[in-house]
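Notes for the one structure printed next.
Remember, it's a predicted structure, so these values are computed and weren't measured experimentally. For the numbers below, each heavy atom of this structure counts, side chains included, while hydrogens, waters and symmetry mates do not. Counting begins at 1 with the first residue of the sequence.
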Amino acid sequence: MAIINKEQIKKINSQCNNGWKLDTHYYLCHGEKILFKNIEIDEENYLKFSLDYNSQKQVILRISKFYHEKGKEYASSSGLGKCKILEDIPLKRKSISYLIEFTNELDNNKLLELNQDTPVSNGYGMFLPSENF
């Protein structure tokens, strides 16, 4: 089980820009440091953007749409969402500091633009026409 203290979380979050944060839940469950940011679409729907690495150590942006019904504790999503490779060149090692650098460029406008340009994955390496989410 991964361990992280509040000071480490604060340090990482203070280095991030444009509202990005360390996904502490993901870190505690999977032992990997990734960053996330939510953008509300309306009162019950939001997009979750995650900066991560794929198996080839390329920086990727995962995009998921969530529905959070008022009065319910948890949000739900359907499908696998979208995935966009942001850095084609494989890195030598996965580093949270390299992900933090991307937060300088990825503000709300840029994220929504990437969302519109990224197709939805069906999970089998095939892509479906992009939904307007």
Inset, instruction - State which residue, out of Ile60, Leu35, Leu86, fulfils the side chain to side chain contact (heavy atoms under 4.5 Å, CB included) condition with Asp52. - result: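 The passing option is Ile60.
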
Inset, instruction - Quickly, which of Leu111, Leu112, Asn38 forms a side chain to side chain contact (heavy atoms under 4.5 Å, CB included) with Leu47? Name it, please. - result: Leu112

Could you tell me whether a side-chain N or O of [X] sits under 3.5 Å from a main-chain N or O of [Y], the two making a donor and an acceptor?
X     : Y      : value
Glu40 : Tyr46  : no
Asn45 : Asp42  : no
Trp20 : Leu106 : yes
Gln8  : Asn5   : yes
Lys33 : Leu22  : no

Reported [atom1]-to-[atom2] distance for the pair [X] and [Y], which is rounded to 0.5 angstrom:
X      : Y      : atom1 : atom2 : result
Ile63  : Leu61  : CD1   : CG    : 4.5 Å
Glu101 : Ser95  : CD    : OG    : 8.0 Å
Leu114 : Glu105 : CG    : CD    : 10.0 Å
Tyr53  : Arg93  : OH    : CZ    : 8.5 Å
Lys92  : Ile89  : NZ    : CD1   : 12.0 Å
Ile9   : Ser14  : CD1   : OG    : 12.0 Å

Inset, instruction - Determine whether the side chains of Asn108 and Lys37 contain a donor N or O and an acceptor N or O closer than 3.5 Å. - result: yes

Inset, instruction - Assess the side chains of Tyr98 and Glu87: does a donor N or O sit below 3.5 Å from an acceptor N or O? - result: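 There is such a pair (donor and acceptor under 3.5 Å, judged by atom type) between the side chains of Tyr98 and Glu87.
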
Legend entry - Same apolar cluster (I L V M F W Y, side chains within < 4.5 Å links), Ile39/Ile41: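 Cluster IDs for Ile39 and Ile41 match.
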
Could you report the tightest heavy-atom contact between [X] and [Y], atom names first, then the distance?
X     : Y      : value
Ile34 : Leu99  : CA-CD1, 4.3 Å
Asn17 : Thr103 : N-OG1, 3.0 Å
Pro90 : Gln56  : CB-O, 3.1 Å

Legend entry - N-O pairing of Lys70 and Glu43 below 4.0 Å: yes

Legend entry - Heavy atoms of other groups near Lys94 NZ, more than 12 under 6.0 Å: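 Yes, the 6.0 Å shell around NZ holds more than 12 heavy atoms from other groups.
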
Inset, instruction - Would you kindly check if the NZ (Lys) or CZ (Arg) of Lys48 is within the cone defined by 45 degrees around the ring axis of Phe36 and under 6.0 Å from the six-membered ring centre? - result: yes

Inset, instruction - Would you check if Tyr26 and Glu32 make a side-chain contact, meaning some heavy-atom pair closer than 4.5 Å? - result: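 Result yes, sub-4.5 Å side-chain heavy-atom pair found.
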
Inset, instruction - Would you indicate whether the side-chain heavy atoms of Tyr67 and Glu44 approach each other to under 4.5 Å? - result: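 Yes, their side chains come closer than 4.5 Å.
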
